[in-house]
Amino acid sequence: MNLSERFRALKPSATFAVAARAAALQKAGVNVLSLGAGEPDFDTPAHIKDAAKRALDAGYTKYTAEAGIPALREAVAEKLASDNGAVYDPNQVAVTVGGKFAVFAALQGLVNPGDEVIVPSPYWVSYPPMVELAGGRPVYLRTREEDGFRFNAEALDAAVTSRTRAVILNSPSNPTGAAYGVAELERIAEVACRRNLWVVTDELYEKLIYGGVKHVCLASLGREIYERTIVVNGFSKAYAMTGWRLGYMAGPRPFIEPLCAFLSQTTSNPTSIAQHAGLVALTGPQNELLAMRDEFEARRDDMVNRLRGIAGVSCATPPGAFFTFPNVSRFLGRAAGGRVLGGTIDLAAYLLEEHHVATVPGIAFGAEGHLRLSYATSRTAIAEGVRRLAAGLAAL
Ligand SMILES: *Cc1c(COP(=O)(O)O)cnc(C)c1O
C-alpha cells in the first residue's frame, strides 16, 4: 500500500511494546512482574472522579472551546503563577488532549522542515518522532550518568548550529529522573536567549520530586526566557489521571493564537467531562497528591537500595519521576541459552521471557547499557521484581 513516508517511518513506542509483550505472557498464564509501568499505579482520587460524574449528570457533554473551558484555563493560569512563579493570562493557556499532544502541538508550532531540535539524551521516547513529524531533525545532546544525566549550558551552546530552532527540556526526566536546579537553568536560559532558541519544557513530573529538591519552571526565570518558552504540564502523573487524556500548555501571546487554530483543526477540544474533573484536581484538596508523592519517595529509596545490592549493577538516586535507571552495561555481551545478549533489547527480552520480569531497555531512550525500572507499583512487586532481575543477571 502507498502510505506516506511519514507513516512508514514511524515506529510504535518501545514502552508500549514491552507492556504488550508482558500482557501477552500474562494472558498465557505466566506470572509476570512488571517494572515497566509508565503511569502511577494509584487510582484517580475520588473527589476528582466525583467531579466527572457530576459533570456528566449536569450535561457537560458538548464541544467546548478548543483551548478548554474558561474556568480551567483560569485555574491553570493560577496554578502556574502560584506553584511556578510564571504569570500567564488565562488566554495564554491551552488545555490539551494530554501533555503528550501539547508537546506535539508545540513542535508543530515551532519547527519548519530542516530545522534542528536539540533533544537531550536519554530522552522520552516520543520526542524524536514528534520532532520528525514536524519535519525537523532531532540532534541528540548526550548527558552522562556521572553528571546526574543533566546537560549544562556550555554543552547546549556547543550543540547549537545556524539551523537550531528549539531545545526540549524535561525536568524531572523520564527515564532518568534527573531534575535541574535554578542556577543551571539560569545558565541554560542565558544560552537559549543568546542563541535565539525556543525551549519546550516538559514538566509533567513536577509534583513527583523528592528529598527536598525544588522544581523550577523555566518560564519563571525572567522576561526574556519567558518569551521563548512553551511550558507543558498535565494531570496524568501528578493526579494519577493518565487515561483521562488531559494536559495543558502555556506560552507567549504570539504563539497562542495560531496554536488555538491548530487545536481547533485537529483535536477540537479535550473531553468536556475530563476538563471538569481537571478543574477540581487543580482547585480541590492536594493531600492525596502529597500522599502519593511520599509513597513514591519511599519506594524509590527501597528500589535503589535493592538495586545497589546486585553485584555488577550501579544505580544513582534519581531526584524525581518514578523510575530508576540502573547501569547494567557489565552484563551486555554475555550469553544466555547459547544466545549473546548484545544490547538492552536482548537483555530485557531475556529477563522477561526467562525470569518473568518486565523492564524497558535503555536503548529505547537512546541510552544503551541501562534499564528503566518503574517504581509505580507495589512494594511487594518491587521486592519480587528486583529479586527476579538479580537472579536473571546472576545467571548470565
Ligand atoms: C507521561 C509523560 C507525558 C505526557 O503524558 P500525558 O498522559 O499525555 O499527559 C509527557 N512527557 C513525559 C516525559 C511523560 O513521561
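Just so you know, ligand 1 is whichever comes first in the structure, and atom 1 is the first atom listed for that ligand. Here the structure is a predicted model, which is why all the values come from computation and not from measurement. If you read the sequence from its start, that first residue is 1, and numbering goes on from there.
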For H215 and Y205, test the side chains for any donor-to-acceptor distance below 3.5 angstrom and give the result as yes or no.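 The criterion, which ignores hydrogens and geometry beyond distance, is not satisfied for Y205 and H215.
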Ignoring hydrogens and geometry beyond distance, is a side-chain donor-acceptor pair present between T242 and E39 at under 3.5 Å? yes
Who are the salt bridge (Lys or Arg N to Asp or Glu O under 4.0 Å) partners of E184, not counting sequence neighbours? R150
Return the protein residues near ligand 1 (heavy atom under 4.0 Å from any of its atoms), ordered by chain and residue number.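 If the criterion is a heavy atom under 4.0 Å, then ligand 1 touches G98, G99, K100, W124, Y127, N170, N174, D202, L204, Y205, S236, K237, R245.
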Once you measure the plane-to-plane angle for Y350 and H355, does it fall in the parallel (<30°), tilted (30-60°) or perpendicular (>60°) bin?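 Correct class here is perpendicular.
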Would you kindly confirm whether V125 and Y123 end up in one hydrophobic cluster when ILVMFWY residues are joined by side chain heavy atoms under 4.5 Å apart? yes
Do T176 side-chain atoms and S173 backbone N/O form a donor-acceptor pair below 3.5 Å? no
